[in-house]
Amino acid sequence: MDKSMLADMESLPEADRQRMSAMMEQLQIRDSLRMYNSLVERCFTDCVDTFKHKSLQKQEETCVRRCAEKFLKHSMRVGMRFAELNQGAATQD
């Protein structure tokens with residue numbers, strides 16, 4: 001959130017600030033759950049081949065681990081890049 005948005009939030013009445021904070025928290029939770037669900041769906045689809053056993057086979061487990069690591073590294077990199085761009089946009093204002 002940039003400085004102007006924070007200043008706008010501080011000018012709101014306390015009840016409105018609390019509602020906005022709760023709404024932002026819900027959006028963050030929703031986005032986290034979407035990312036998690038996307039990770040699970042993608043890695044499961046890419047890595048799990050059969051349902052002959054109760055647990056994952058060694059190759060499936062390795063695939064899931066690598067898939068999750070790649071997904072999380074990619075997500076972190078995108079987040080960092082977004083923050084860099086957001087920071088650059090804030091300094092231009």
Using a 4.5 Å cut-off between side-chain heavy atoms of Ile, Leu, Val, Met, Phe, Trp and Tyr, which other residues end up in the same hydrophobic cluster as [X]?
| X | result |
| --- | --- |
| Y36 | V40 |
| L72 | M35, L39, F71 |
| L33 | I29 |

> Of all residues at least two apart in sequence or in a different chain, which pass the salt bridge (charged side-chain N to carboxylate O under 4.0 Å, His left out) check with E61?
Replying inline: R65

> Can you name the residues that form a salt bridge (charged side-chain N to carboxylate O under 4.0 Å, His left out) with D46, not counting sequence neighbours?
Replying inline: R42

Using the side chain to side chain contact (heavy atoms under 4.5 Å, CB included) criterion, which residues pair with [X]? Sequence neighbours excluded.
| X | answer |
| --- | --- |
| E41 | T45 |
| E84 | R77, R81 |
| Q57 | H53, E60 |
| S55 | none |

>> Test of understanding: with side chain to side chain donor-acceptor pair (under 3.5 Å), list the residues that count as partners of Q18, not counting sequence neighbours.
In response: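 Once residues adjacent in sequence are excluded, the partners of Q18 under the side chain to side chain donor-acceptor pair (under 3.5 Å) criterion are E14.
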
>> Can you tell me if R66 has over 12 outside heavy atoms packed within less than 6.0 Å of its CZ?
In response: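 Counting other residues, nucleotides and ligands, CZ of R66 stays at 12 neighbours or fewer.
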
> At what distance, to the nearest 0.5 angstrom, does SG of C43 lie from CD of E69?
Replying inline: 10.0 Å

>> Using the rule given for disulfide bond (SG atoms under 2.5 Å apart), can you reason through C63 versus C47, listing the C-alpha separation, both sets of side-chain angles and the distance that settles it, and then say yes or no?
In response: CA-CA 6 Å; C63 179; C47 297; 2.1 Å; yes

> Which residue pairs satisfy the salt bridge (Lys or Arg N to Asp or Glu O under 4.0 Å) criterion with at least one member in residues 19-38, sequence neighbours excluded?
Replying inline: D16-R19

